[in-house]
Each structure stands twice: as structure tokens, then as C-alpha cells.
Amino acid sequence: MSDAARATVLARVRSALSGATRTPLDSVPRDYATERPAADVVDLFCDRVADYRATVERVPSDGLTGAIAAALRGVSARRVVVPDGLPQVWRDVLGAEFELVGGDPDVAELDRVDAVVTTAVVGIASTGTIVLDHGPGQGRRAATLVPDVHVCVVEEARIADDVPAALRRLDPTRPLTFISGPSATSDIELDRVEGVHGPRTLHVLVPPNTG
């Protein structure tokens with residue numbers, strides 16, 4: 001690359017980082033896109049999550065805490081991480097049956113737990129992806145990567161139709177984690193191995209709301 005070309009590239013990078021040429025998402029033309037009805041968006045999200053070999057359940061709001069407990073019981077979990085900001089009613093119900101680990105456990109402590117329960121900031125229907133911004137109820141990134149089981153509650157109102165719609169709901173200054181199914185990888189022989197880079201089991205619960 002010539003010096004002139006390098007200078008041009010770096011100038012464009014600096015301009016982009018400064019925000020001088022940044023285009024607001026809402027101003028990007030998307031005339032080609034059509035929005036699905038809300039019910040179809042939720043159905044599609046559940047179908048795509050299931051395609052990733054995750055377990056997904058639509059549950060009523062008044063049955064949510066029971067469904068969380070049943071999901072943990074189904075994997076024989078005993079010690080469960082409950083991040084700060086998780087609804088107190090969930091903690092009260094789960095605390096009667098499981099040993100809860102709150103606060104900000106370090107990696108060594110996380111390695112001794114069986115599961116983590118979180119909420120999510122956004123779900124993406126077209127890709128079956130869950131997005132965490134690690135705000136209240138979501139814990140730090142390690143808390144959702146180290147335990148072998150992740151039970152995640154994604155309420156219907158948080159499910160966006162596609163990636164552009166989801167990005168408009170996200171704060172780019174937050175640490176974002178995109179989750180599409182349980183952790184999985186394949187070696188050169190294409191043998192699938194789960195749980196190497198994150199939870200081996202992902203259980204998604206979809207209530208109308210978390211009230």
C-alpha cells in the first residue's frame with residue numbers, strides 16, 4: 001500500500017471513529033422490509049431458537065417462576081447464579097429449593113455452580129439470537145459463559161423482528177453478548193462438541209411479560 005493510500009484509509013477510520021460520518025440507524029432506507037405481526041415475530045423467534053438445539057418454552061406470566069424452577073430441576077441443578085437485579089419473587093421461589101449464588105462471583109466460584117438464570121435485553125426473531133447488555137438481571141459476561149446451564153427469560157415485548165430492528169433497541173456503549181443456541185464447535189472431522197466456549201445447555205422461557 002502506498003503512503004497516500006494508507007493516509008486515505010486512516011483518515012476515513014479517524015472520521016468514522018469521531019462520528020463525523022456516522023449514519024443514524026433510523027435514517028438508513030429499509031423500504032424493502034416488511035414487518036411481521038407481533039404474534040408471528042414471537043413464533044418465529046421460538047422456532048429459530050429451537051433450531052439451535054436450545055430448549056424454548058412459551059409460558060404464562062403467572063407460571064414463569066415455576067417454569068424456571070422446573071428447568072433447573074430438569075438438569076439436576078443445585079447451585080444457581082442469580083445476578084443482581086433479578087426479580088425478588090424469582091429469588092424467593094428459587095431459594096426454597098436451590099442454593100443461590102448472588103453478587104458478583106469470580107470465575108473460580110462460577111466453576112462450582114450448576115446453572116445461571118438471567119433476563120435478556122433483546123431477542124432477535126429472524127436469527128433466534130438472544131442479546132445481553134449485562135444490565136440488571138443479566139450479570140457480567142463470565143456469569144453466562146462459565147456455568148454449564150443458562151436459563152434465560154425473554155419476554156415477548158423484547159423480541160425484535162430482525163437484526164436492524166434489534167440494533168435500534170441496543171446501546172452500543174454497553175458490553176453486548178449475542179447468544180445463538182448453546183455453545184458448539186466442530187473439529188476438522190465435523191464432529192460437533194458442545195459446551196467448550198460457553199453453556200452446554202440453553203433453556204429459553206418466553207412469557208408475555210415478567211410482571
Side-chain angles (χ1 to χ4, degrees), residues 12-13 15-17 19-61 64 67-68 71 83 85-87 116-141 143-145 149-186 192 194 197-211:
R12 289 178 180 176
V13 171
S15 177
L17 291 175
T21 60
R22 188 172 299 159
T23 303
L25 287 173
D26 289 338
S27 67
V28 177
R30 299 188 68 238
D31 298 338
Y32 62 88
T34 57
E35 292 189 3
R36 299 178 181 87
D40 291 349
V41 170
V42 176
D43 287 343
L44 179 61
F45 174 76
C46 293
D47 288 344
R48 293 290 165 83
V49 170
D51 284 344
Y52 281 112
R53 300 191 188 182
T55 299
V56 58
E57 295 181 71
R58 297 184 70 172
V59 298
S61 297
L64 178 57
I68 296 172
L86 214 62
V116 58
V117 177
T118 75
T119 57
V121 64
V122 171
I124 307 176
S126 63
T127 62
T129 301
I130 296 162
V131 186
L132 309 182
D133 68 359
H134 303 285
Q138 299 170 58
R140 65 191 183 100
R141 182 170 287 148
T144 58
L145 293 177
V149 177
H150 182 185
V151 177
C152 187
V153 177
V154 185
E155 60 184 7
E156 291 181 1
R158 293 191 176 274
I159 300 175
D161 192 346
D162 54 20
V163 174
L167 292 177
R168 284 195 291 271
R169 302 190 188 190
L170 298 172
D171 179 352
T173 66
R174 299 283 307 171
L176 301 174
T177 301
F178 289 71
I179 302 168
S180 297
S183 169
T185 189
S186 296
R192 179 182 172 98
E194 298 180 348
H197 308 296
R200 191 189 317 269
T201 300
L202 175 64
H203 197 126
V204 181
L205 299 172
V206 184
N209 59 68
T210 56

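Numbering starts at 1 and runs along the sequence shown. No hydrogens, no waters, no symmetry mates; every other heavy atom, side chains included, goes into these values.
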Report the distance from atom CD of E156 to atom OG of S61, rounding to the nearest 0.5 Å. 8.0 Å

What distance do T55 atom OG1 and L202 atom CG have between them, rounded to the nearest 0.5 Å? 8.0 Å

Which residue in the set T144, T201, T118 passes side-chain hydrogen bond (donor to acceptor under 3.5 Å, both in side chains) when paired with H150? T118

Straight-line distance of T119 OG1 to L205 CG, nearest 0.5 Å: 12.0 Å

Between CZ of R168 and CG of D162, what distance do you get to the nearest 0.5 Å? 7.0 Å

P207 and V154: which non-hydrogen atoms are nearest, and at how many Å? CD-O, 3.5 Å

Which atom names give the shortest non-hydrogen contact between V117 and P83, and what distance separates them? O-CD, 3.0 Å

CG on L44 to OG1 on T127, rounded to 0.5 Å: 9.0 Å

Work out which heavy atom in S126 is nearest to a heavy atom in V163; give both atom names and the distance. OG-N, 4.1 Å

Could you report the tightest heavy-atom contact between V122 and A166, atom names first, then the distance? CG1-CB, 3.7 Å

Start with the C-alpha gap between V206 and I159, add the side-chain angles, then the distance that decides, and say whether side-chain contact (heavy atoms from CB on, under 4.5 Å) holds. CA-CA 10 Å; V206 184; I159 300 175; 4.1 Å; yes

Might you point out which heavy atoms bring T177 and H134 nearest each other, and give the distance in Å? OG1-NE2, 2.6 Å

Side-chain heavy-atom pair V204, F45 within 4.5 angstrom cut-off: yes

Donor-acceptor contact below 3.5 Å, side chain R158 vs main chain G123: no

Please report the interatomic distance CG(L132) to CZ(F178), rounded to the nearest 0.5 Å. 10.0 Å

Hey, are the side chains of Q138 and V121 touching, using non-hydrogen atoms and a 4.5 Å cut-off? yes

Heavy-atom side-chain contact between R58 and D43 under 4.5 Å: yes

Could you walk me through whether D171 and D133 pass the side-chain contact (heavy atoms from CB on, under 4.5 Å) test, one step at a time? CA-CA 8 Å; D171 179 352; D133 68 359; 5.7 Å; no

